[in-house]
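Working notes, beginning with the structure itself.
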Amino acid sequence: MIVVTTETVPGKAIVKTLGLVRGNTVRARHIGKDILATLRNIVGGEVHEYAKLISESREQALDRMVTEAESLGGNAVVATRFTTSMMMGGAAELLAVGTAVVVEDDG
C-alpha cells in the first residue's frame, strides 16, 4: 500500500478514486508514565514516554486507515493527514485521513 501526503504518486497515474478513508485511536495517559514525564520535565529533555505513546498511536491510526482503503479495493492513499483532539483530561484521539485510490504505472 502506497501512502503519501501529496495529491499524486510520482510515476503513477490515479485511475480510480474510491473516497475518504480514515483510521483513529483514542489513547489515555498512564499514571506511571505521567510521574516519569513530570520528573523529566523538571530536569529537561525529551519525554520519551509520551513520544513512544504518540508514535504507537500514529501507527495504529495509519494501519486502520490502510485497512479501510484495502477493503475498498485501493492500492494507495493520497492526501494523507493526521490530526489530534483532546477527548477528555488525559485522553486524546489521533485521526489519520486520506483519499483511497487505485494507481497504475504511468506510461
Side-chain angles (χ1 to χ4, degrees):
M1 176 69 63
I2 300 168
V3 178
V4 296
T5 59
T6 56
E7 303 286 325
T8 60
V9 179
K12 305 282 186 184
I14 295 174
V15 296
K16 187 173 185 182
T17 300
L18 302 169
L20 179 71
V21 288
R22 61 202 154 285
N24 72 320
T25 186
V26 176
R27 295 285 180 105
R29 296 184 314 203
H30 181 276
I31 188 67
K33 290 181 182 181
D34 280 351
I35 292 168
L36 289 172
T38 300
L39 293 173
R40 195 172 315 276
N41 192 33
I42 293 169
V43 297
E46 181 180 359
V47 183
H48 299 284
E49 296 78 20
Y50 290 153
K52 183 177 180 202
L53 179 68
I54 196 69
S55 177
E56 290 169 353
S57 298
R58 265 194 313 271
E59 288 304 312
Q60 187 174 42
L62 192 58
D63 288 346
R64 290 176 177 176
M65 182 188 70
V66 165
T67 298
E68 187 173 335
E70 289 171 340
S71 75
L72 294 175
N75 64 354
V77 178
V78 296
T80 302
R81 303 290 184 264
F82 290 96
T83 186
T84 59
S85 61
M86 195 63 120
M87 300 298 292
M88 58 183 237
E93 175 190 39
L94 196 135
L95 174 67
V97 297
T99 302
V101 296
V102 176
V103 295
E104 293 178 354
D105 289 336
D106 238 353

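Not measured: the values here are computed from a predicted model.
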Legend entry - Hphob cluster co-occupancy, V102 + M65, side-chain heavy atoms under 4.5 angstrom: yes
Legend entry - Option from K52, E59, Q60 for which side chain to side chain contact (heavy atoms under 4.5 Å, CB included) with E56 holds: K52
Legend entry - Considering all heavy atoms, the nearest G73-L18 contact: C-CD1, 3.7 Å
Legend entry - Note, L94 side chain near R58 side chain (heavy atom, < 4.5 Å): yes
Inset, instruction - Please step through side-chain contact (heavy atoms from CB on, under 4.5 Å) for the pair V66 and V3, ending with a clear verdict. - result: CA-CA 8 Å; V66 165; V3 178; 3.8 Å; yes
Legend entry - V77, V21, D63 screened by side chain to side chain contact (heavy atoms under 4.5 Å, CB included) with E68, the one that passes: V21
Inset, instruction - Write down the atom of L72, the atom of A100, and the distance for their closest heavy-atom approach. - result: CD1-CB, 4.3 Å
Legend entry - Atom pair CG (L95) and OG1 (T25), whose distance is rounded to the nearest 0.5 Å: 10.5 Å
Would you mind writing out the side-chain donor-acceptor pairs for residues 4-16 within the sub-3.5 Å range, not counting sequence neighbours?
unit_1: T6; atom_1: OG1; unit_2: T8; atom_2: O; d: 2.5
unit_1: K12; atom_1: NZ; unit_2: D105; atom_2: OD1; d: 2.5

Inset, instruction - Keeping the roles fixed (side chain from R22, backbone from V97), state whether a donor-acceptor pair exists under 3.5 Å. - result: no
Legend entry - Distance, nearest 0.5 Å, that separates OG1 of T67 from CG of L62: 9.5 Å
Legend entry - For the student: nearest non-hydrogen atoms of A69 and M1, plus distance: CB-CE, 4.0 Å
